[in-house]
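Sequence lines set the chain letters: A, B, ... in the order given, protein chains first and strands last, and positions in each chain run from 1. If you're wondering where the values come from, they're calculated on a predicted model, not measured in any experiment.
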Amino acid sequence: MFRIHCPHCREARSEEEFSYAGEAHIPRPVDPSSLSDSEWGEYLHTRTNPRGPHREMWVHTAGCRRYFNVLRDTVSYKILAVYPVGEMPPEQGEA
Amino acid sequence: MERYSLLGLVRHARHYHENWQRVWRDPAPKKAYDTVIVGGGGHGLATAYYLAKVHGVTDVAVVEKGWLGGGNTGRNTTIIRSNYLRDGSSHLYEFSLKLWEGLSQELNFNVMFSPRGVLYLGHTLHDMREIERRVNANRLNGIDAELLSAAEVQKLVPLMNCSPDARYPVLGASLQRRGGIARHDAVAWGFARAADAQGVDILQRTEVTGIRCDNGAVTGVETSRGFIGARKVACVAAGNSGVLAAMAGLKLPIESRPLQALVSEPLKPCLDVVVQSSGVHCYVSQADKGDLVIGAGTDSYNGYGQRGSFSVIEHTLQAVCELFPAFSRVRMNRHWGGIVDICPDACPIIGETPVRGLYFNCGWGTGGFKATPGSGYVFADTLAHERPHPLAAPFSLDRFATGALVDEHGAAGVAH
Amino acid sequence: MGAEVRRRAAGGRIDRDQTLDFVFDGRALRGFAGDTLASALLANGVDVVGRSFKYGRPRGIVGHGAEEPNAIVEVGAGASCVPNLRATQVELYNGLEARSIRASLFQRAAGAFGRLLPAGFYYKTFMSSPGAWMAWERVLRHAAGFGKAPDGADPDTYDRMNHHCDVLVVGAGPAGLSAALEAAGWGARVLLADEQSEFGGSLLAETRALGGDSAAAWLDGALAELDASGNVELLPRSTVSGYYDHNFLTLVERRSDHLGPVAAAGTRERLHRVRAEQVVLATGAIERPLVFANNDLPGVMLASSVSTYVNRYAVAPGKSLLLFTTNDHGYRTALDWHRIGREVVAIVDARESPAGGWVAAAKEAGIDVIVGHAIIEAVGRSRVSGAAIASLQANALAGTPRRLACDLIACSGGWNPTLHLGSQTGVKPRWSDSAGAFLPGDLGGGTVCAGAVAGTPTLRGCLEQGALAGATAASRAGFGSGRTTRSAPEVDEPPETPARSLFLVPHPKRVSRAPKQFVDFQLDVTASDIELAAREGYESVEHVKRYTALGFGTDQGKLGNVNGVAILAEALGKDIAEVGTTMYRPSYTPATFGAIAGRDVGGFFDPERHTPMHEWHTSRGAEWENVGRWKRPRYYPRSGETMQQALNRECLAARDGVAIMDASTLGKIDIQGADSAESLDRIYTTGFRKLGIGRCRYGLMLHEDGTIFDDGVTARLGEDRYLMHTTTGNAEVVFAWLERWRQTEWPELSVYFTSVTDHWATAALVGPKSRTVLAKVCTDIDLTGGAFPFMAVREGHVAGVPARVFRISFSGELSFEVNVPAQHGRAVWDALIDAGAEFDITPYGTEAMHVLRAEKGFIIVGQDTDGSMTPADTGMDWAVRRNKPFGFLGDRSLDLADHLREDRPQLVGLATDDARTVLPEGGQLVDDPECRPPVPIAGHVTSSYYSARLSRPIALGMVKGGAGRMGETVHCPLADGRVVKASIVDPIFYDPKGERQRV
Amino acid sequence: MSEPPGVVCRECPDRAFVNVRGDVGDPRLRDAVAQVAGVDLPREPGTWNQADRSRAYWLGPDEWLLVVEGDDGLEVEGRLRSALDGHFSVVDVTGTQVHKELSGPDVGKVLQKSSPYDFHPRHFPPGRCAQTVFAKATALVAAREDGAFDIVFRRSYADYFMRWLADAAAEYGYRLD
């Protein structure tokens with residue numbers, strides 16, 4: 001049961017208030033029509049799915065309804081960093 | 001391999017059970033094998049067994065980083081059924097169910113397959129339409145399926161709350177009588193013992209740390225016990241498929257998530273069929289030992305922690321108490337998690353990869369246990385003939401490029 | 001009434017003024033307030049409290065708390081029965097009724113033929129034929145299981161409560177109390193929980209003085225201080241059952257079980273969900289039993305439990321005690337026994353030369369201390385009558401065993417720290433040779449272990465360590481310096497001789513041939529079972545657990561696990577550390593389903609969403625349909641009407657006169673900003689840029705994989721303002737979808753989305769007379785077709801309330817959807833009903849809505865589509881614009897190879913040839929009805945109704961390549977064996993040109 | 001029951017609710033709200049401001065709920081719309097919102113039963129507000145100077161919400177005014 005710091009509400013809130021929104025940093029291709037079927041399929045379905053630090057999006061569904069990025073270890077479940085959409089994660093461990 | 005039987009038990013009892021032999025050997029790894037199977041769970045061991053038994057390929061090692069059956073084989077709620085919606089999946093699961101029906105005899109190991117019937121409840125008009133669609137499709141595919149009224153459900157499960165006043169009343173159900181449960185550990189052990197007897201090397205406590213490729217073809221696996229050469233490498237390691245794929249430079253359309261389950265304390269028999277409801281999110285059966293075995297949902301996030309969010313347990317038990325108000329006073333003994341590899345269409349990936357000689361069998365999501373023998377059988381066939389078994393063909397990796405997804409979200413049950 | 005033959009006249013923490021009558025297995029007995037069922041049973045001389053799981057052997061009480069494996073009872077009866085309670089944790093109340101677990105015939109037989117049933121016997125037999133197991137299973141199932149499930153709905157209620165605290169202290173023994181005092185002193189918000197009815201833990205049975213005063217007096221002082229502190233919450237009878245990620249813990253509080261079988265008022269149990277900044281684990285330790293032959297005989301108990309019964313409950317569970325110990329601590333039980341004037345037969349100490357303070361005290365008291373010996377076998381039938389002891393050298397026996405007579409054997413094999421909670425977090429316990437036990441692993445910076453759980457052996461040490469833990473935890477949570485502010489009370493701690501590690505006591509016979517040496521009492525796992533597992537190659541501790549069932553009981557192996565691991569290590573020739581222990585999982589002790597569910601059952605299982613007109617529908621006797629969380633009227637039967645009759649009436653009213661439907665549940669999203677149109681263009685397959693103000697357009701929304709996800713009509717309200725309608729079930733998903741793209745991919749777009757689903761109450765006024773009816777209550781909108789055309793929206797007043805009126809139609813009839821702010825919804829609805837009265841305005845529900853739209857061939861997303869269908873599959877290419885600058889979500893997928901196949905399922909109409917039979921929804925369609933399974937499937941029926949307007953059945957379906965098969969015949973096999981023939985027809989059955997909705 | 005109830009729930013009728021979106025850094029937005037409703041938009045996350053008959057609750061970094069007693073939502077929306085300029089959104093949501101006031105010595109316990117949020121006065125003093133999970137729905141909860149709480153939730157959940165409150169508060173004594 002995670003406790004997640006919402007960067008918009010600026011406080012830690014309980015997991016029940018949030019929804020997971022998948023892997024972060026998968027930008028939509030600028031020109032989908034230029035992609036082959038398999039390149040498009042990769043955008044649609046292929047995920048990093050790492051064992052360890054994972055960059056993912058969460059949304060504060062029951063709170064401010066804003067999206068943000070989280071760097072979370074998928075084994076220890078420790079949250080290593082929380083950072084805004086559109087930014088890259090800070091150096092690991094800086095959380 | 002010594003044949004197990006009642007007579008054998010009596011004979012061994014005379015010698016105080018001091019003469020039982022090992023169920024499988026503990027060999028040192030050879031330098032190389034024809035085929036190395038990564039993952040000593042039910043699917044991997046079944047693959048090894050059928051490779052040896054059906055195809056005569058015995059130069060096989062099963063490499064397991066921990067203990068046999070320690071992944072999802074030993075963590076699931078053991079529901080077995082074949083009433084899937086789409087042709088591709090129903091044929092595969094039905095093939096598997098037929099193997100289950102004779103598996104104890106085939107392996108000479110009692111896997112306690114108990115075809116006590118699987119009920120799938122409908123709570124809304126929409127549910128009932130979907131159930132009817134599935135029941136009809138099942139019948140046409142030669143799979144036993146019945147449509148039950150709420151009254152018939154009540155008769156089958158007296159403790160169930162079938163009141164029309166419930167928040168989501170039971171409107172009816174599908175019943176697959178040939179479905180049921182089995183003893184999960186026994187499946188891994190039975191396949192391991194039988195594969196070992198065919199000459200397969202089972203290497204426990206051997207962790208794969210790398211997959212070696214040369215010129216687009218696999219040459220073997222790096223392990224914690226050194227390099228093991230192989231002409232073919234078959235990865236069957238639920239919960240680790242992505243990690244293994246990355247070792248070969250591949251990415252898969254898979255996300256690994258915790259799936260939770262729980263058991264009550266042992267009770268005298270009070271539930272004779274398996275009950276599934278995706279409407280109120282409740283999957284419950286009663287094990288032979290008496291525990292209520294309850295499947296909870298998957299967590300919404302990726303994780304390899306073999307534990308999940310407590311809210312999932314709360315929601316599951318709300319559903320159980322809603323559906324079985326008498327179980328409210330029963331107590332939860334243990335809950336735990338497994339890691340399931342989920343594909344976008346809730347169907348597995350079975351077959352070749354862009355790396356020659358490297359095969360994957362993964363992505364079974366929440367429903368892999370029931371497929372164990374069938375999955376092993378078709379995967380072994382695919383490995384032996386280096387082309388997809390016809391039943392595995394719809395589940396190739398390239399469907400994610402062509403768009404030919406199989407979409408079993410409805411029938412796969414657990415909401416993803 | 002039974003006599004309390006073993007109750008002492010004085011002492012203990014029981015209240016002798018309050019006698020309590022209770023019934024055990026039909027026997028009327030008596031105890032006192034402060035008793036547990038176990039202490040009362042012992043006081044009454046009840047030796048056998050149950051039969052064992054596999055062999056049906058008689059079993060007695062072994063422990064005094066959560067570790068008790070044997071005394072499993074059923075309390076209460078019928079719907080209020082609670083199965084599988086431990087008698088050691090059941091507080092006695094007046095009138096309590098308890099039953100033990102009886103052995104079945106099978107178990108009695110198993111007891112006699114036990115040798116036929118080694119570990120895992122069932123894997124090796126019962127498989128002569130595929131049906132053999134099902135037959136045997138029936139027998140075995142009835143033998144297995146402990147208590148009976150209640151037979152009816154739970155009469156009690158439960159709830160849950162959330163907590164946030166700086167420091168949660170788990171366990172209110174000496175360490176926990178010290179921690180709580182210290183943390184509270186620094187001002188931290190403290191929660192102190194203990195599973196027992198009284199706080200104090202081991203202090204409740206402590207005979208030594210603390211700081212010169214009695215333990216009881218110190219305890220009272222500490223509790224008074226905590227009580228007076230404003231920032232401590234005390235939770236007795238509260239078991240911390242689970243320890244989850246990020247310091248989230250669950251506590252189950254038993255609020256009424258000590259008073260009666262059913263709570264007289266309030267909730268029976270409460271689940272506390274705790275978010276703790278810091279956790280102090282002060283969970284203590286459980287004494288380790290010793291594994292010798294027949295060690296399961298009633299009368300073999302833990303030494304600490306014997307002392308607890310003597311000191312706390314004033315019960316002497318026997319006459320003549322033989323103590324078997326591997327450490328100095330055990331001696332205190334012999335001293336307690338001696339102090340109350342009972343006979344200590346001897347102390348059998350496995351060590352060669354114990355010389356600690358307690359040893360000296362025992363010798364001083366004249367107790368016979370037999371060193372270098374072990375009890376190798378307990379003797380007796382249904383109760384211990386003696387023991388065989390033998391000299392124990394290294395790890396083998398020497399000399400001839402001899403017999404001692406006794407009726408009570410107390411065992412002390414050392415201590416197992418209660419480290420379950422720490423282990424639940426995923427951190428493996430580590431073996432410590434010096435402690436001779438598993439200790440908690442490194443639990444990280446949010447947890448502090450204190451006291452016996454951390455391996456601290458002495459009371460003084462526990463008090464000191466607890467205080468330090470409290471200060472540390474408070475400091476980490478931001479309170480204080482981390483230093484302790486008070487000194488621990490003085491306790492007499494004599495020097496001790498190191499303990500001896502002894503797990504399996506040797507027997508003159510081999511393990512496989514010796515009388516059973518039990519490791520796990522509850523599941524009848526013996527040392528020879530573990531050896532057999534190892535011999536057969538089940539070498540991992542997890543395999544052994546699963547093969548033998550070691551630790552699988554409701555006690556989760558609190559007594560047996562460590563002995564089992566040690567015996568396995570010995571059998572494999574490995575170290576205990578190498579073998580390791582299995583992972584402990586929540587719950588620490590079993591937790592009631594109801595408590596975890598809380599109040600979210602029955603009427604609170606899932607919220608019902610109501611529209612402002614809900615009461616009106618109720619008053620009209622609506623039959624309901626659940627759509628998502630909404631309650632929607634399905635149809636309004638008049639008395640004596642069947643559903644079909646009501647439907648026919650409702651449909652005909654909409655086609656011929658005027659009908660009204662509550663459409664408030666449709667999702668509505670207000671869209672504002674300069675880029676509103678651009679956003680809509682990207683989200684929908686359709687184009688919105690050129691839509692005129694005041695006009696509406698239908699749109700299809702796709703997932704990125706090209707499958708249909710939602711549909712609805714969007715209206716342009718102003719230059720930069722739109723209103724989107726979504727389907728009822730998808731309202732929230734679509735809203736989240738819009739926000740996701742806006743926030744994460746398109747932050748440059750100037751657009752805001754606001755959900756207004758709840759703000760608007762919507763009445764759909766449908767039928768040729770709808771204009772006339774609306775005109776009666778709406779005078780400021782020109783309703784004529786020329787001024788207010790189809791697919792337009794106008795603002796004005798309806799029944800005096802500001803309203804938006806849409807000329808959109810899901811029925812294909814002239815239709816006005818009247819939207820007013822929800823607070824006025826009911827009043828406007830009433831006004832419309834009144835206005836329509838002269839035209840017999842007919843309310844209709846979702847079922848008639850479905851028929852009306854099916855007559856028009858309109859799809860319902862989720863019914864006619866199933867998550868795998870593209871616009872082309874549903875014949876809606878007309879709603880797809882491929883030439884927009886950005887494209888739209890999902891557009892690329894429409895060109896994927898599989899989406900261009902010609903034999904994809906496509907939406908068609910189906911007309912049964914007999915024009916009588918209504919096809920079943922979900923019916924499958926085949927081309928060849930004679931084919932035997934597996935039959936190639938051509939398609940399926942998605943929607944099917946009897947159309948009153950057309951006087952015949954109509955259906956929609958998905959048929960492979962259906963668009964090119966018009967006029968062909970398909971067959972629908974029914975469950976009863978009949979086969980219905982149907983023709984593939986155009987999906988629009990009524991008014992194909994759409995003239996009626998445009999009038 | 002002569003004992004004073006532990007929890008009292010009071011209806012707060014006759015209010016206009018308007019959802020306001022925009023850039024808080026834009027003075028035109030703040031000025032327009034101040035001019036129309038007489039209240040400052042709070043910039044601090046999780047806080048609310050009150051002035052005379054108006055309240056402004058922080059909902060998100062660019063979103064507020066404006067509550068004006070004794071006014072009409074559509075009219076407030078209209079006045080704001082004419083006072084505003086640039087990229088903004090104002091929407092009358094009066095029909096969406098139900099506003100209740102919870103007070104009494106045991107109100108904290110009822111909140112604890114209903115939400116995983118920490119409403120302890122150390123963490124949630126007067127002037128704070130939070131949107132959070134409330135039972136199986138969501139709500140906006142605000143702490144007031146007088147120790148009571150304002151609770152705002154969606155109309156379609158009202159039946160569920162009111163039954164939930166009555167049930168959760170029953171053990172402390174509950175009165176609905």
Side-chain angles (χ1 to χ4, degrees), chain A residues 1-6 13-26 29 32-63 67-82 89, chain B residues 65 207 209 237-247 249-258 260 298-315 337 339-347 349 353-354 362-363 396-405 407 416:
Chain A
M1 290 291 282
F2 305 153
R3 202 164 167 230
I4 302 171
H5 182 91
C6 172
R13 299 281 196 100
S14 205
E15 184 181 318
E16 297 95 316
E17 296 188 3
F18 297 89
S19 308
Y20 177 73
E23 184 172 352
H25 307 293
I26 303 179
S33 63
S34 69
L35 301 187
S36 68
D37 278 8
S38 75
E39 285 167 335
W40 178 250
E42 194 160 310
Y43 156 69
L44 285 182
H45 302 303
T46 304
R47 296 295 177 263
T48 318
N49 197 29
R51 198 184 176 90
H54 184 228
R55 304 181 307 180
E56 56 198 28
M57 284 195 296
W58 287 77
V59 53
H60 196 181
T61 319
Y67 285 78
F68 55 95
N69 290 326
V70 169
L71 181 70
R72 182 178 60 91
D73 189 304
T74 57
V75 180
S76 70
Y77 293 171
K78 282 206 173 71
I79 291 177
L80 308 171
V82 171
Chain B
K65 71 171 176 176
E207 183 170 5
T209 54
N240 290 288
S241 307
V243 177
L244 285 168
M247 290 178 187
L250 301 174
K251 273 174 139 189
L252 295 172
I254 275 185
E255 296 199 88
S256 301
R257 295 191 171 170
Q260 300 190 65
T298 44
D299 281 290
S300 63
Y301 50 79
N302 290 20
Y304 290 90
Q306 294 193 335
R307 56 188 192 277
S309 290
F310 185 68
S311 347
V312 172
I313 300 296
E314 292 176 301
H315 291 148
I339 306 162
V340 295
D341 288 346
I342 296 171
C343 277
D345 58 355
C347 282
I349 298 169
T353 67
C362 61
S396 70
L397 190 51
D398 64 9
R399 72 180 189 272
F400 298 99
T402 64
L405 305 190
D407 188 37
H416 298 124

Determine the sole option in Arg72(A), Arg51(A), Glu23(A) for which the side chain to side chain contact (heavy atoms under 4.5 Å, CB included) test with Asn302(B) is passed.
-> Arg72(A)

Report the distance from atom [atom1] of [X] to atom [atom2] of [Y], rounding to the nearest 0.5 Å.
| X | Y | atom1 | atom2 | value |
| --- | --- | --- | --- | --- |
| Ile313(B) | Met1(A) | CD1 | CE | 11.0 Å |
| Leu250(B) | Thr46(A) | CG | OG1 | 10.5 Å |
| His54(A) | Glu255(B) | NE2 | CD | 6.5 Å |

Provide the closest heavy-atom pair for Val75(A) versus Arg307(B) in the form atom of the first, atom of the second, distance.
->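 The answer is O-NH2, 3.6 Å.
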
Considering all heavy atoms, the nearest Ser38(A)-Ala401(B) contact = CA-CB, 3.6 Å

Parallel, tilted or perpendicular, as decided by the 30° and 60° cut-offs, for the rings of Phe400(B) and His45(A) | perpendicular

Would you please classify the geometry between the Tyr301(B) ring and the Trp58(A) ring as parallel, tilted or perpendicular, with 30° and 60° separating the classes?
->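 Geometry flag for Tyr301(B) against Trp58(A): tilted rings.
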
Quick check: does any side chain N or O of Asn49(A) sit under 3.5 Å from a backbone N or O of Ser256(B), one acting as donor and the other as acceptor?
->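 Between the backbone of Ser256(B) and the side chain of Asn49(A) there is a qualifying donor-acceptor contact (under 3.5 Å).
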
By a 4.5 Å heavy-atom criterion (distance strictly below it), what part of Ile254(B) contacts chain A: side chain, backbone, both, or neither?
->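 Contact with chain A involves both backbone and side-chain atoms of Ile254(B).
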
Thr48(A), part contacting chain B, at a heavy-atom distance under 4.5 Å |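 Both parts, heavy atoms under 4.5 Å.
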
Residue, of Gly242(B), Ser309(B), Pro258(B), that accumulates the most heavy atom pairs under 4.5 Å with chain A | Ser309(B)

Arg257(B) charged N/C atom sitting above Tyr20(A) aromatic ring, 6.0 Å / 45° = no

